[in-house]
Each structure stands twice: as structure tokens, then as C-alpha cells.
Amino acid sequence: MKRFAGWTLASPATLLVLLGLVAPVAATIYTTFGTPGGPFAPYLAFFGSGFRRTVLLRTINVSLAVTAIALFVGFITAYVVSRAPGWLKSILIIAAVFPLLTGVVVRSFAWLIILGKNGILNSTLINLGLITEPFQMLYTQGSVIVAMVYLFVPLMVLTLVGVLEAIPDDLIQASASLGANSWATFTQVILPLAVPGLIVGAVLVFTGSFTSYATPQLLGGEQVMMMGTLMYQQAMVTFDWVSASTIAAIMVVITIAIVMAMNAAARRLNPMTV
């Protein structure tokens, strides 16, 4: 009885996940294999289109860039927060996660005001005499990356703060007492122990960036179309549900592949990582 007690207790939640998450995704993917042209016709049509391949590659590149920048910025921020005194740590955590209190659309509109031709940034540069004409910052890949980094860095910070706080100060002091400099301590002690948090944060940021719709739509427009925007157009504009399901299936497969690659990298950096 004890062997099956855990499964019995977990079965309601497992059934809920299967019915509410796995079943709809499986049904979406299943519809792509029932087309008259053959089971793989939608996928051949997708990869046979140069425009759609470009959108896919752009989405992967933007998501990887956002993940890399968020890892760098989030790790530094989380390390500073984890080493701060108790009262200051609370203030810094509140400041780091404060953007999460505002909706994604509102934050994206804020970047429209900042990066517009008559926005805050261009106006400041013109007033300082650094430029004579406003830059075209909106509807570029860079604006999408900047906005999504701002969007997802708080998630990275929240993920890493707990991991870095759990690293005992005795290990860092022992490393220094054995003659290791700051860089050696970071690369051989702190970084390997922080790998689980880095992987979790990277997965959250990549999946969020890869499936994002509102930010690429508002700041990228048609010029920087990404997979989420393309899927929305296929489903809600052209009502081509097979194409939309095909895009969703491709996004699921790529996300799973990236997560598996990150887990493999984590095991190489830290063999104790599960």
C-alpha cells in the first residue's frame, strides 16, 4: 500500500494536467497529420517557405539572444542581491521584481514611448547634441530584444537569488584560503553550484521569449515577425487552423529540444545536476 500511496495522492493532479495541458497539445499536433496531402504535408509546406523559415530562425536567434543577456544581467543582479544585508536585500528584491506587477502590454507600450522617433531616448540624444535626426529604433530586432530582456530578467533574478543564497560562505572562504583568486573561486565554486538555477532560469526565459506574442507584435510589427505573431495571424486572420497547429507543433518540438540541450549542458558543468 505504501508503494502506491504516493501515486494515489498524485493521481488527481496528474489527471488534471493530462486533461488540461497534455490532451489539448496532443490534439493540436494530431490535426496536422490528418491533411489530404499526407501526414507531413503541413510541415513540408512550412519548411518549403522561405518566409516562414526566416521567421523561425529569427525567433530562435532573438530567444537565444534574450536568454544569454538575461543570464548575464540576471546573474550579476542576483549575486549582488544575495550578498546584500537583510534590510537592503528586501529592497533590492522588490526593485528587481517590481516590473512583474505591471502587465506585459503596458510594459511594451512604455517601450514604444521610450524608443519612438519622438520618444524619450531620441529626444534626449537630440537635446544633448549627440544626434541631429532621430534614430529608427522601433520595429527592429534590437527593440524586441531590449524589451524582452527587460520583461524576463526579473524571472532570472528570482530564480537565481535562492540558489546563490544557498551557497555557504564557508566554501568561498575555503577557496580563498587555498590560494584561489576571485576568478577561480567564481568559475570553480560559485558557477558550478549555481548551474541548476541558471538552467531553470534559462528555460523560463527561452520558452517565454520563444512563445511571446504581445512584445514582438507591438515593437517588431510586420518587419520583425516572430512565431507567436505568425501563429496568431494564421489562426485568427486567415483562419488556417492547420498551419497554426503546425507552427504550434514546431514550437513545442524546438522548445523540448532546447530544454534537453540545456539539461545536457548542465550535466557537463555540474554532474550532480538532475
For R52 and Q234: C-alpha separation, side-chain torsions, deciding distance, then whether side chain to side chain contact (heavy atoms under 4.5 Å, CB included) applies.
CA-CA 12 Å; R52 295 186 179 185; Q234 294 298 313; 3.6 Å; yes
Are V163 and V80 connected in a single hydrophobic cluster, I mean Ile/Leu/Val/Met/Phe/Trp/Tyr linked by side-chain heavy atoms less than 4.5 Å apart?
no
Heavy-atom side-chain contact between T140 and Q223 under 4.5 Å:
no
Mind checking the CG-CG spacing from L56 to L230? Nearest 0.5 Å is all I need.
9.5 Å
Where is the tightest heavy-atom contact between L92 and A84, given as atom of each residue plus distance?
CD1-CB, 3.9 Å
Using every non-hydrogen atom in the two residues, find where L160 and A194 come nearest and quote the distance to one decimal.
CD2-O, 4.3 Å
Residue pair T32 / Y43, side-chain donor-acceptor N/O under 3.5 Å
yes
Quick one: does any side-chain atom of T229 pair with a main-chain N or O of M225 as donor and acceptor, under 3.5 Å?
no
Ignoring hydrogens and angles, tell me if any N or O in the side chain of R53 forms a donor-acceptor pair with the backbone of F47 under 3.5 Å.
yes
Holding to side chain to side chain donor-acceptor pair (under 3.5 Å), I want the full list of residues that pass it with E165, two or more places apart in sequence or in another chain.
K89
Taking side chain as C-beta onward, heavy atoms only, is V157 less than 4.5 Å from V97?
no
Verify the distance criterion only: is there a donor paired with an acceptor across the side chains of S175 and T185 at less than 3.5 Å?
yes
Return yes if some donor-acceptor pair links the side-chain N/O of Q136 with the main-chain N/O of L138 below 3.5 Å, else return no.
yes
Would the distance check show the side chain of S63 and the main-chain N or O of F210 forming a donor-acceptor pair, the cut-off being under 3.5 Å?
yes
State, with a plain yes or no, whether a side-chain heavy atom of Q233 is found less than 4.5 Å away from one of T238.
no
Polar side chain donor-acceptor pair, T207 to T255, under 3.5 angstrom
no
Which atom pair, heavy atoms only, marks the closest approach of A70 to V205?
CB-CG1, 4.1 Å
Could you state the interatomic distance from OG1 (T102) to CG (L151), rounded to the nearest 0.5 Å?
10.5 Å
Hey, are the side chains of I126 and P134 touching, using non-hydrogen atoms and a 4.5 Å cut-off?
yes
Does some side-chain heavy atom of S209 sit less than 4.5 Å from a side-chain heavy atom of M148?
yes
How far does CG of L219 sit from CD1 of I114, to the nearest 0.5 angstrom?
10.0 Å
Are side-chain heavy atoms of T31 and V242 found at a separation under 4.5 Å?
no
Taking side chain as C-beta onward, heavy atoms only, is R58 less than 4.5 Å from V55?
yes
Working to the nearest 0.5 Å, report the span between CE of M226 and CE of M231.
11.5 Å
Between F46 and F40, is the ring centroid distance below 6.0 Å?
no
Establish, from distance only, whether the side-chain atoms of E222 and Q217 form a donor-acceptor pair under 3.5 Å.
no
Starting from the C-alpha separation in whole Å, work towards a yes-or-no answer on side chain to side chain contact (heavy atoms under 4.5 Å, CB included) for L88 and V81.
CA-CA 8 Å; L88 181 59; V81 172; over 6 Å; no
Minimal non-hydrogen separation, M262 against I199, with atom names:
O-CD1, 3.3 Å
A side-chain contact here means heavy atoms from C-beta on lying under 4.5 Å apart; do F75 and M156 qualify?
no
Rounded at 0.5 Å granularity, tell me how far CG in N122 sits from CG in L130.
11.5 Å
Could you state whether Y232 and M227 fall into the same hydrophobic cluster, counting links through intermediate Ile, Leu, Val, Met, Phe, Trp or Tyr residues with side-chain heavy atoms under 4.5 angstrom apart?
no
Rounded to the nearest 0.5 Å, the CH2 atom of W111 sits from the CD1 atom of I120 at a distance of 10.0 Å
What are the two closest non-hydrogen atoms of L19 and A23, and how far apart are they?
O-CB, 3.8 Å
Run the numbers on L193 and L171 for side chain to side chain contact (heavy atoms under 4.5 Å, CB included), then give the verdict.
CA-CA 11 Å; L193 293 175; L171 290 178; 3.8 Å; yes
For S143 and L115 the tightest heavy-atom approach is CB-CD1, 3.8 Å
Run the side chain to side chain contact (heavy atoms under 4.5 Å, CB included) test on F206 and L64 for me, step by step, so that the C-alpha distance in whole Å, both residues' side-chain angles and the decisive distance to 0.1 Å come before the verdict.
CA-CA 7 Å; F206 179 84; L64 291 176; 3.8 Å; yes
